[in-house]
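When reading the values below, keep in mind they use all heavy atoms of this one structure, side chains included, and skip hydrogens, waters and symmetry mates.
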Amino acid sequence: MEIYGLAIWHNQVNERKKSFSLIFFVLLIVLADVIKMKEDIIMAMIVCPHCGEQISEKAKKCVHCGEILIPEEKKHCAECGAELEEGMTECTNCGCPVETSLEQGVNSQPQKVEVTGVKVTKKVKTIIGILIVLLVVGVAAAFGITQYQKKKAADEYAQMIEEYSDNLKLAAITMLTGASDAESSANLMKEVWYNAIYEERDDKTDKYTRPDGYFVSDFNDAMSNLYADASFSSQISSIKENQDSVNKLMKKLKNPPEEYKDAYDAISDLYDAYISLTNCATNPSGSLQTYSDTFNDADTNTLNAYKAMELYLEE
């Protein structure tokens, strides 16, 4: 994993919370609809007082037993009490005008029908029960999945932190190994360079500065003899490979977690000093004096940077 950070983990958790909140909200809407449906059933149905069957509260007669529940409203003459038919303007029995004599009969009052507890059908009860069970199971599942995802995210973050720590330590150790090899190679180069110029004899450098029993006329010939040595050439190749390994590790250490930002700054300083030191071995340049100064500064900076880095390697 090349990208690290606590923000990534928080974003994953927040997205999962949003998904589960949506599921819970939908389940609540379903439950509300079920409750409303039950209320609608209760408000719309009554029990016939004659046969006990369920009928609409608006029914004028029972569809099961035929009993009249709300008799049709009739008009009667106010003077003689005779029944009046629809559209009559005067009583045919006594001649009293209808406009002034109509009144509600005793039977005009609607029959009071007691609304009792609704006998919800078995099918409706089953549906309601299933929906309630689904709601409970859904809420429990959402909670369980949320907890699982939280634990999974925490485990993934812990694994990421552990991997980052391992790469940090590996990068520091790899740099130290490469710096040690570079220090050894660069010191030998300085000695060959110096002894070739000032014709100083030394058992370690004579095979490069005096290959034929006498000093070479140009220090560049001595340096060429050094680079032609199989052992030295292999060491330089090893340093270059070490640089490649360190570069790959440093890419993995980019975007550190919050708790490793200081450690990343420290290893970045070590990396800068390490590159300067290893380049002295793989790509020497300048005069003997400038090369020696560059090497000595890089060597000192690498040592100091590693000491500062040790604080984070102990964790």
Student: Write down the atom of Lys190, the atom of Leu288, and the distance for their closest heavy-atom approach.
Tutor: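 Where Lys190 meets Leu288 most closely, the heavy atoms are O-CD1, 4.2 Å.
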Student: What's the verdict on side-chain contact (heavy atoms from CB on, under 4.5 Å) for Ser185 and Ile239, showing C-alpha distance, side-chain angles and the deciding distance?
Tutor: CA-CA 9 Å; Ser185 298; Ile239 294 171; 3.8 Å; yes
Student: Quick test of your reading of the model: are Asp265 and Lys261 salt-bridged, counting only N-O distances below 4.0 Å?
Tutor: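 A salt bridge is absent here (no side-chain N lies under 4.0 Å from a carboxylate O).
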Student: For Thr177 and Thr174, what are the C-alpha separation, side-chain angles and deciding distance, and is it a side-chain hydrogen bond (donor to acceptor under 3.5 Å, both in side chains)?
Tutor: CA-CA 5 Å; Thr177 301; Thr174 304; over 6 Å; no
Student: Is there a side-chain contact between Cys96 and Cys80, using heavy atoms and a 4.5 Å cut-off?
Tutor: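 No, too far: nothing below the 4.5 Å cut-off.
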Student: For residues Leu311 and Ile161: do they belong to one hydrophobic cluster (side chain heavy atoms under 4.5 Å, members Ile, Leu, Val, Met, Phe, Trp, Tyr)?
Tutor: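 As far as the 4.5 Å side-chain criterion goes, Ile161 and Leu311 are connected within one cluster.
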Student: Grouping I, L, V, M, F, W and Y whenever their side-chain heavy atoms are under 4.5 Å apart, do Val216 and Tyr227 come out in a common cluster?
Tutor: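 Different clusters.
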Student: Only one of Val139, Val133, Leu135 clears side chain to side chain contact (heavy atoms under 4.5 Å, CB included) with Val137; which?
Tutor: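 It is Val133; the other options fail the test.
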Student: Answer whether the closest heavy-atom distance between the side chains of Met223 and Met189 falls below 4.5 Å.
Tutor: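 Met223 vs Met189: side chains touch.
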Student: Compare all side-chain heavy atoms of Met250 with those of Met175 and state whether any distance is below 4.5 angstrom.
Tutor: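 The answer is yes, as the side chains (C-beta and beyond) meet within the 4.5 Å cut-off.
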Student: Taking all non-hydrogen atoms of both residues into account, name the closest pair between Lys252 and Tyr164 and its distance.
Tutor: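 Shortest heavy-atom separation between Lys252 and Tyr164 comes out as O-CE1, 4.2 Å.
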Student: Under 3.5 Å, is there a donor-acceptor pair linking the side chains of Asn247 and Tyr271?
Tutor: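 Yes, Tyr271 and Asn247 have a side-chain donor paired with an acceptor closer than 3.5 Å.
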Student: May I ask whether Val192 and Ile197 are part of the same hydrophobic cluster, defined by side-chain heavy atoms of I, L, V, M, F, W, Y residues being less than 4.5 angstrom apart, directly or through others?
Tutor: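 Yes.
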Student: Assigning hydrophobic clusters by single linkage (Ile, Leu, Val, Met, Phe, Trp, Tyr; side-chain heavy-atom cutoff under 4.5 Å), is Val246 placed with Leu176?
Tutor: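 As far as the 4.5 Å side-chain criterion goes, Leu176 and Val246 are connected within one cluster.
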Student: When you look at Glu162 and Asp166, which way does the side-chain contact (heavy atoms from CB on, under 4.5 Å) test go after all the steps?
Tutor: CA-CA 6 Å; Glu162 182 178 358; Asp166 291 342; 4.0 Å; yes
Student: Just wondering, do Lys240 and Thr278 contact through their side chains at under 4.5 Å, heavy atoms?
Tutor: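 The answer is no, as the side chains (C-beta and beyond) never meet within the 4.5 Å cut-off.
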Student: What about Phe295 and Ile236, same hydrophobic cluster or not, with Ile/Leu/Val/Met/Phe/Trp/Tyr joined at side-chain heavy-atom distances under 4.5 Å?
Tutor: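 Not linked; separate clusters.
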Student: With rounding to the nearest 0.5 angstrom, report the OG1 to CD distance, Thr282 to Gln243.
Tutor: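 One finds 4.5 Å between OG1 of Thr282 and CD of Gln243.
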Student: With rounding to the nearest 0.5 Å, note down the distance linking CG in Leu226 to NZ in Lys207.
Tutor: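 One finds 9.0 Å between CG of Leu226 and NZ of Lys207.
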Student: Working note: Gln289 + Asp293, criterion side-chain hydrogen bond (donor to acceptor under 3.5 Å, both in side chains); need CA distance, chi angles, decisive distance, verdict.
Tutor: CA-CA 6 Å; Gln289 183 61 48; Asp293 292 341; 3.2 Å; yes
Student: Quick check against the 3.5 Å criterion: does Ser276 have a side-chain atom that pairs as donor or acceptor with the backbone of Asp272?
Tutor: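 At least one qualifying donor-acceptor pair exists.
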Student: Do Leu313 and Tyr306 come close enough that some side-chain heavy atom pair is under 4.5 Å?
Tutor: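 Yes, at least one pair of side-chain atoms sits under 4.5 Å.
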Student: Side chains of Thr126 and Ile130, heavy atoms from C-beta outward: is any pair under 4.5 Å?
Tutor: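 Sidechains of Ile130 and Thr126: in contact.
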Student: Would you indicate whether the side-chain heavy atoms of His64 and Ile55 approach each other to under 4.5 Å?
Tutor: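 They are in side-chain contact.
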Student: Determine whether Ser165 and Tyr260 satisfy the following criterion, side-chain contact (heavy atoms from CB on, under 4.5 Å), listing intermediate values before the conclusion.
Tutor: CA-CA 8 Å; Ser165 177; Tyr260 277 92; 3.3 Å; yes
Student: Among Asn301, Asn242, Asp269, Asn279, which residue satisfies the side-chain hydrogen bond (donor to acceptor under 3.5 Å, both in side chains) criterion with Tyr274?
Tutor: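 It is Asn242; the other options fail the test.
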Student: Out of curiosity, Thr302 OG1 to Lys307 NZ, how far, rounded to the nearest 0.5 Å?
Tutor: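 So the OG1 of Thr302 and the NZ of Lys307 are separated by 12.0 Å.
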Student: Check step by step if side-chain contact (heavy atoms from CB on, under 4.5 Å) holds for Asn225 and Asp229.
Tutor: CA-CA 6 Å; Asn225 293 334; Asp229 183 79; over 6 Å; no
Student: For the residue pair Glu79 and Cys94, what are the closest heavy atoms and their distance?
Tutor: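 Here Glu79 and Cys94 meet closest at CB-SG, 3.8 Å.
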Student: Taking Lys204 first and then Glu191, would you say they form a salt bridge - that is, a charged N and a carboxylate O separated by under 4.0 Å?
Tutor: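 Between Glu191 and Lys204 there is a salt bridge, with a charged N closer than 4.0 Å to a carboxylate O.
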Student: Could you check whether any side-chain heavy atom of Cys280 comes within less than 4.5 Å of a side-chain heavy atom of Tyr291, counting everything from C-beta outward?
Tutor: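 Yes; the side chains approach each other to less than 4.5 Å.
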Student: Might you point out which heavy atoms bring His50 and Cys65 nearest each other, and give the distance in Å?
Tutor: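 Looks like CB-SG, 4.2 Å.
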Student: Go through the steps for Asn195 and Thr205 under the test side-chain hydrogen bond (donor to acceptor under 3.5 Å, both in side chains), then give the verdict.
Tutor: CA-CA 8 Å; Asn195 291 342; Thr205 62; 2.9 Å; yes
Student: How many angstroms lie between SG in Cys77 and CG in Asn93, if you round to the nearest 0.5 Å?
Tutor: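 Rounded to the nearest 0.5 Å, the SG-CG separation comes to 7.5 Å.
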Student: Out of curiosity, Phe219 CZ to Thr209 OG1, how far, rounded to the nearest 0.5 Å?
Tutor: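 Separation between the atoms: 13.5 Å.
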Student: If I take atom CG from residue Leu303 and atom CG from residue Leu277, how far apart are they, to the nearest 0.5 angstrom?
Tutor: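 These two atoms lie 10.5 Å from each other.
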